[in-house]
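Beneath this line is the structure, given in structure tokens, with notes to follow.
Only heavy atoms go into these numbers, but all of them, side chains included; no hydrogens, no water, no symmetry mates. Keep in mind that what you see is a predicted model, and the values were worked out from it rather than measured.
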Amino acid sequence: MSDLGTAVVGLAIAVGIAGVVVPVVPGALLVWAAIAVWAFVIGSTTAFAALAAATVLLGGAQVVKLLVPGRRLLDAGVPRRSILAGTALAIVSFFVIPVVGFFLGFPLGVYLAEFRRLGRHASARNSTEQALRAMGLSILIELSATALAAGVWALAVLS
């Protein structure tokens, strides 16, 4: 692969990492796809080892980012129905207010569902804070995995 091709793969990885924080592009998927394209073009054992490592890191992160924050929310007493309401409003808000709508819609959806369920502002606010912490933890897990996968790719490129 030419230096330009490697730079394009690196750029795609950087955009993917940014996409984890600002959900405009599917971040982890973009990082994995860029590394996969690079590995198949290079075709070496090192390249496929880097792809395997990235697959394990990113695939594992997808499982962990669903299980760990979800468990924390359930332990805090936030029901799945409220989480689904937040997710639904986040998706709708993402299209109504591009990019930032997701970050506004999720807590608003959780708050409204919890206020409806509990009938008190303080309780709904507490549940919303727990949901925001869980959302932040989920982003942190995926961001860490994509950064590690990028590091694996960079080491493979430099070797």
Side-chain angles (χ1 to χ4, degrees), residues 9-39 48-156:
V9 169
L11 180 63
I13 290 171
V15 169
I17 291 171
V20 170
V21 179
V22 182
V24 177
V25 296
L29 181 61
L30 182 58
V31 169
W32 182 86
I35 294 171
V37 166
W38 171 81
F48 285 114
L51 176 59
T55 301
V56 169
L57 285 166
L58 296 173
Q62 297 309 305
V63 172
V64 171
K65 83 173 195 165
L66 292 175
L67 295 179
V68 173
R71 173 60 46 205
R72 287 182 127 191
L73 283 173
L74 292 175
D75 289 346
V78 181
R80 292 184 201 276
R81 186 176 63 248
S82 296
I83 298 166
L84 290 174
T87 303
L89 191 55
I91 291 169
V92 170
S93 298
F94 177 79
F95 291 106
V96 174
I97 308 168
V99 182
V100 296
F102 182 86
F103 296 107
L104 298 174
F106 181 74
L108 181 61
V110 171
Y111 177 82
L112 292 173
E114 285 296 277
F115 187 77
R116 183 172 166 257
R117 180 176 77 95
L118 300 169
R120 292 188 17 212
H121 166 72
S123 300
R125 189 175 133 243
N126 182 44
S127 294
T128 304
E129 287 173 359
Q130 294 296 325
L132 286 172
R133 285 188 189 109
M135 187 171 137
L137 179 59
S138 177
I139 290 170
L140 183 62
I141 290 167
E142 189 169 4
L143 183 62
S144 298
T146 54
L148 287 170
V152 166
W153 171 79
L155 285 173

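- In terms of heavy-atom proximity, Val25 sits nearest to Val15 at CG2-O, 3.9 Å.
- For the pair Ala124 and Leu118, the tightest heavy-atom approach, listed with the atom from each and the gap, is N-CD1, 4.2 Å.
- Taking the side chain as every heavy atom from C-beta outward, Leu66 and Gln62 never approach each other to under 4.5 Å.
- In this structure, CG in Leu112 is found 13.5 Å from CZ in Arg117, a value given to the nearest 0.5 Å.
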CA sep, side-chain torsions, deciding dist, call: Arg80, Leu74, side chain to side chain contact (heavy atoms under 4.5 Å, CB included):
CA-CA 8 Å; Arg80 292 184 201 276; Leu74 292 175; 3.4 Å; yes

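- Between Ala28 and Leu58, the closest heavy-atom pair is O-CD1, 3.7 Å.
- Rounded to the nearest 0.5 Å, atoms CD1 (Ile139) and NZ (Lys65) are 8.5 Å apart.
- The 12-atom threshold is not exceeded at CZ of Arg125, counting heavy atoms of other residues, nucleotides or ligands nearer than 6.0 Å.
- Taking every heavy atom of both residues into account, Ala61 and Ile141 meet most closely at O-CG2, 3.9 Å.
- Under the 3.5 Å distance criterion, the side-chain polar atoms of Thr55 are matched with a main-chain donor or acceptor of Leu51.
- Under the 4.5 Å side-chain criterion, counting only non-hydrogen atoms from C-beta, Leu143 is in contact with Thr146.
- For the atom pair OG1 (Thr128) and NE2 (His121), the distance works out to 9.0 Å, reported to the nearest 0.5 Å.
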Let me check something: any side-chain donor-acceptor pairs from residues 84-96 under 3.5 Å, sequence neighbours excluded? List them with distances.
from: Thr87; atom 1: OG1; to: Ile83; atom 2: O; distance (Å): 2.9
from: Ser93; atom 1: OG; to: Leu89; atom 2: O; distance (Å): 2.7

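- Here the side chains of Glu129 and Pro107 are not in contact, with every heavy-atom distance at 4.5 Å or above.
- Contact detail for Leu30 and Gly16: the closest heavy-atom pair is CD2-N, 3.6 Å.
- Annotation for Ser127 and Glu114: closest pair OG-OE1, 2.8 Å, computed over non-hydrogen atoms.
- The closest side-chain heavy-atom distance from Arg72 to Val78 is not below 4.5 Å.
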